[in-house]
Structures are given as structure tokens and as C-alpha cells.
> 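This is the structure, below, for whatever I ask next.
Quick note: residue numbers are just sequence positions, from 1. The analysis underlying the following values was restricted to heavy atoms, covering all of them including side chains, and did not include hydrogens, waters or symmetry mates.
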Amino acid sequence: MPLRIDERFAGRAGKCPACSIKITVPEPQNIGPPDATVDQSSHRVLTPTTANMPLHSELHPPEPSSKTTTRSKQSTSMNAANSTEVLSNPQTPGVESTRSPNLELPALHDWSNSHSGAISIPRWIVLAQGALLGTIALTFFVFGWMVGSLTAPPDSTTHLVSKVELSGSVFAVNDGQRVADMGAVAIILPTDATTGTRPDMNLLRPDTYRPIDNEAKSIIEAAGGQVVRVNSDGNFLALMDANRTYQILIISNRATVNSNFDITKQMRAELGSFFLPLEDLLGNQAFHWQEIVLIDQSKTLNVVIFE
């Protein structure tokens, strides 16, 4: 297919856009020799040497015979060289020519390496933009966390429980003298406490009580109570939750009774969820039972004396 190039590119060199072959655009006045003619059927520029040559002979010139002289070979070479392609002039429509097989058709401009739409950005700008986006995201995250912490409703299920001290003194009368009831056991239970497993009462008696590795004591402590022993000075101390009502049962280690006729119905009702029957816990030991309310300050019980 003939290549049409505007006359403004006359006399310039370039590459063919289709095949990337080098080409030199001839000047318009050099279309052909003065005696050249135009074949209207094929639109070729014919010279006297190529007027009678077939169309395909431009691409495949006839081989010379054995009788052709050296001069004929030179003439044939000149004819092939003269049968070059001449581009049509826009001012002369319909005039085209075929090209020589040895003529390269380069493009006027190599657009393969063209980067007219690309923009070059330094790397530090890209890194700075990434750091800026990360800083903005972190700032908004911290801001949202602060706002959420300030506006979130407080959890009604969580509250601080203050502790208060509950202390007391226990004595027994021996031969008319008041002595410390060392070894007596004080059991302190919240009034509203319940347990699924009753403690072993044998582990809470003064003669068999042990302060460590005591399963019965662990059950009472899990319910919010305490089990403490009276020391050699006759005192005991327990750390309890404030703002609760407690049942206190003190079992003497020194004093004994003939019968437990002092057990009341209210006492059985308050302590029955943990100890049933109470007689198995008390045995023949003297006891003291009372109910107290701890608010927000330490409390000391009245002195308990077993006669």
C-alpha cells in the first residue's frame, strides 16, 4: 500500500510508522526525469527505460540471459535504480508510484518511546504523602477513642467495693478469773449469702479447726464471709465488705454448756443455709450469735464473755 506523506516533510528523513524502515522523502520537483510520463491506470511515474517494463518487474527484475553483454547488465541495474518510489504531491492528485525493494521507509517520528502523557514525581514526595496520610489516620483514631471514652455510659455492673475492719474480743471465766478464749472460732456470714454446697462443720469446730487447707473455710469465703480464730490476747480481726449485713457466730473453745437450748428459730433461719443442723456444729460448746451492719467504717464488737 503506497505511503502518503504531506509535502511539508519533503527532503526530511524518518521512519515508516508501519514497518519502522528508514526513508528519505524526496523533493516535489524531483518526482521524475523531465521526460517521465504518468501511467493513469497504475499511477506510476515512468521513465523511458521503464515504460515498457511489466509492473512486477519493479520488485522482481528479469534475469539477464547468457547473451546479455556487460553493458546490458549495467543498463538493467540503472533501470532498477531509477524505478524508485515517488510520493504523490497533494497538489497533484492521483499520481503515485511503487517503491524499490532496496528503499527503506522510516517513520518521520518514533512514537514508541514517546511519554507525552507521563508526569515525573520525585520519590520523596510520594513518601511524604504516605507519611502524611498515616499521621492523619492516627490522629483521627486517637480523637475517636478519646471521644468514645468520654461519652460512653458507665458500666452499671462494675463498682468499687470498699473494705472495712471488723474486730472483737472474746474471753472466758475460769475459776472466777477472766482469761482470753484463745482458739475460739468466729464465723462471719453475709445475711444474703447462699451456697450450693454446705461446708463440713467438723472443720469449723474449735478443737478441729485449721486455718489453712480448710475446705469449709474456702466455701464461706467464696460466699463473702470470713472464718477467723481468736488469738492469745482474746482478740480477732476480719476484713469485710462495707455496706452489708452480717451474721456473726462465735464458738468458745474454753466454755461449755449442758444443752443448746439458746438456739432460736431466727438463728436457725439465718444460719440454716450453711449449717444444718446447728447442733452438729456447736456440740457442747458455748456460743454467741448476733447480727451487725457494716457501713463504710471499721467496727469493733462488744466484748464477749463466756461464763
> Is the shortest heavy-atom distance from the side chain of Leu237 to the side chain of Leu166 under 4.5 Å?
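No. Closest side-chain heavy atoms not under 4.5 Å.
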> Got a second to check how far Arg244's CZ is from Ile188's CD1, nearest 0.5 Å?
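Arg244 atom CZ to Ile188 atom CD1 measures 12.5 Å (nearest 0.5 Å).
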> Please tell me whether Leu133 and Phe140 are part of a single hydrophobic cluster in this structure, the criterion being side-chain heavy atoms less than 4.5 Å apart.
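Result: no, two separate clusters.
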> Quick one about Thr300 and Ser167 (side-chain donor to acceptor, distance below 3.5 Å, no hydrogens or angles considered), yes or no?
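Present: a donor and an acceptor within the cut-off.
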> Check whether Met240 and Leu189 end up in the same hydrophobic cluster, where Ile, Leu, Val, Met, Phe, Trp and Tyr are linked by side-chain heavy atoms less than 4.5 Å apart.
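Met240 and Leu189: separate clusters.
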> Do you see a donor-acceptor pair shorter than 3.5 Å between the side chains of Gln247 and Thr191?
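Note: Gln247 and Thr191 side chains meet the donor-acceptor criterion.
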> Quick check: closest heavy atoms across Val228 and Ala238, and the distance to 0.1 Å?
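It is CG1-CB, 4.2 Å.
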> Would Leu204 and Val227 satisfy side-chain contact (heavy atoms from CB on, under 4.5 Å), going step by step from the backbone distance to the final call?
CA-CA 8 Å; Leu204 299 176; Val227 180; 4.3 Å; yes
> Can you name the closest pair of heavy atoms from Asp296 and Ala242 and give their distance?
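Scanning both residues, the minimum pair turns out to be CA-CB, 4.1 Å.
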> Measuring from atom OG of Ser298 to atom CG of Leu239, what distance do you get when rounded to the nearest 0.5 angstrom?
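So the gap between those two atoms works out to 8.5 Å.
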> Please tell me if the side chains of Val257 and Gln285 come closer than 4.5 Å, counting only heavy atoms from C-beta onward.
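Val257 does not reach Gln285 side chain to side chain.
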> So which atom in Ala180 and which in Gly234 form the shortest heavy-atom distance, rounded to 0.1 Å?
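Reported closest heavy-atom pair: CB-N, 3.4 Å.
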> Any side-chain heavy atom of Gln177 sitting closer than 4.5 Å to one from Val173?
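Contact flag for Gln177/Val173 side chains = no.
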> Look at atom CE of Met267 and say whether more than 12 heavy atoms of other residues, nucleotides or ligands are closer to it than 6.0 Å.
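Enclosed: over 12 neighbouring heavy atoms sit under 6.0 Å from CE of Met267.
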> Measure across Glu221 and Gln226 and return the closest heavy-atom pair with its distance rounded to 0.1 Å.
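Where Glu221 meets Gln226 most closely, the heavy atoms are OE2-OE1, 3.8 Å.
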> Got Phe236 and Arg229 here, is their nearest side-chain heavy-atom distance under 4.5 Å?
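Sidechains of Arg229 and Phe236: no contact.
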> Yes or no on side-chain contact (heavy atoms from CB on, under 4.5 Å) for Thr208 and Leu203, after CA distance, side-chain angles and deciding distance?
CA-CA 6 Å; Thr208 59; Leu203 300 177; 5.8 Å; no
> Under the side-chain contact (heavy atoms from CB on, under 4.5 Å) criterion, do Phe275 and Ile187 qualify, and how do the steps go?
CA-CA 11 Å; Phe275 312 113; Ile187 302 174; 4.1 Å; yes
> For the hydrophobic clusters of this structure (ILVMFWY residues joined by side-chain heavy atoms under 4.5 Å, transitively), does one cluster hold both Leu271 and Val185?
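Cluster IDs for Leu271 and Val185 match.
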> For Ile295, look at atom CD1 and say whether over 12 heavy atoms of other residues, nucleotides or ligands are found less than 6.0 Å away.
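12 or below, so no.
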> Can you find a pair of side-chain heavy atoms, one from Leu294 and one from Ile292, that are under 4.5 Å apart?
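When only atoms from C-beta onward are counted, Ile292 and Leu294 do touch, with a gap below 4.5 Å.
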> I need the Asn231 CG to Met182 CE distance, nearest 0.5 Å.
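Separation between the atoms: 9.0 Å.
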> Got a sec: does the CZ of Arg210 have more than 12 other heavy atoms crowding it under 6.0 Å?
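Yes, CZ of Arg210 has more than 12 neighbouring heavy atoms, counting only those of other groups under 6.0 Å.
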> Drop me the distance from Leu127's CG to Arg123's CZ, to the nearest 0.5 angstrom.
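Result: 7.5 Å between the selected atoms.
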> Between Leu276 and Gly272, what is the shortest heavy-atom contact and its length?
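For Leu276 versus Gly272, the nearest heavy atoms are CB-O, 3.7 Å.
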> Give a yes or no on whether Phe274 and Ile263 share a hydrophobic cluster (residues Ile, Leu, Val, Met, Phe, Trp, Tyr; joining criterion: side-chain heavy atoms under 4.5 Å apart).
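Yes.
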> What distance do Glu307 atom CD and Asn174 atom CG have between them, rounded to the nearest 0.5 Å?
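Answer rounded to 0.5 Å: 12.5 Å.
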> Same hydrophobic cluster for Tyr246 and Trp289, using side-chain heavy-atom links shorter than 4.5 Å among ILVMFWY?
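In one cluster: no.
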> One thing to verify: whether Glu279 and Arg268 come together as a salt bridge, which I'm taking to mean a side-chain N less than 4.0 angstrom from a carboxylate O.
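Looking at Glu279 together with Arg268, the answer is yes, because their closest N to O distance falls below 4.0 Å.
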> Given side chains that start at C-beta, do those of Leu282 and Leu249 come closer than 4.5 Å, heavy atoms only?
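Yes; the side chains approach each other to less than 4.5 Å.
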> Shortest non-hydrogen contact from Pro190 to Gly224?
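Heavy-atom minimum between the residues: CG-O, 3.4 Å.
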> Would you say the side chain of Ile251 lies within less than 4.5 Å of the side chain of Leu281, judging by non-hydrogen atoms?
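Side chain of Leu281 against side chain of Ile251, heavy atoms only: contact under 4.5 Å found.
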> Checking the side chain of Asn284 only, and the main-chain atoms of Thr256 only, is there a donor and an acceptor separated by less than 3.5 Å?
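Side chain of Asn284 to backbone of Thr256, a donor-acceptor pair under 3.5 Å: no, none is there.
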> Only one of Asn302, Val303, Leu301 clears side chain to side chain contact (heavy atoms under 4.5 Å, CB included) with Ser169; which?
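Among the candidates, only Val303 passes.
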> Is a side-chain donor-acceptor pair under 3.5 Å present for Ser252 with Asp181?
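The criterion, which ignores hydrogens and geometry beyond distance, is satisfied for Ser252 and Asp181.
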> Stepwise, does the side-chain contact (heavy atoms from CB on, under 4.5 Å) test hold for Asn235 with Val230?
CA-CA 5 Å; Asn235 301 321; Val230 177; 5.9 Å; no
> Rounded to the nearest 0.5 Å, what separation is found between the CG atom of Leu132 and the CD1 atom of Ile125?
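Separation between the atoms: 13.0 Å.
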> Could you tell me if the side chain of Val179 sits less than 4.5 Å from the side chain of Arg254, heavy atoms only?
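A side-chain contact exists here, since the closest heavy-atom pair is under 4.5 Å.
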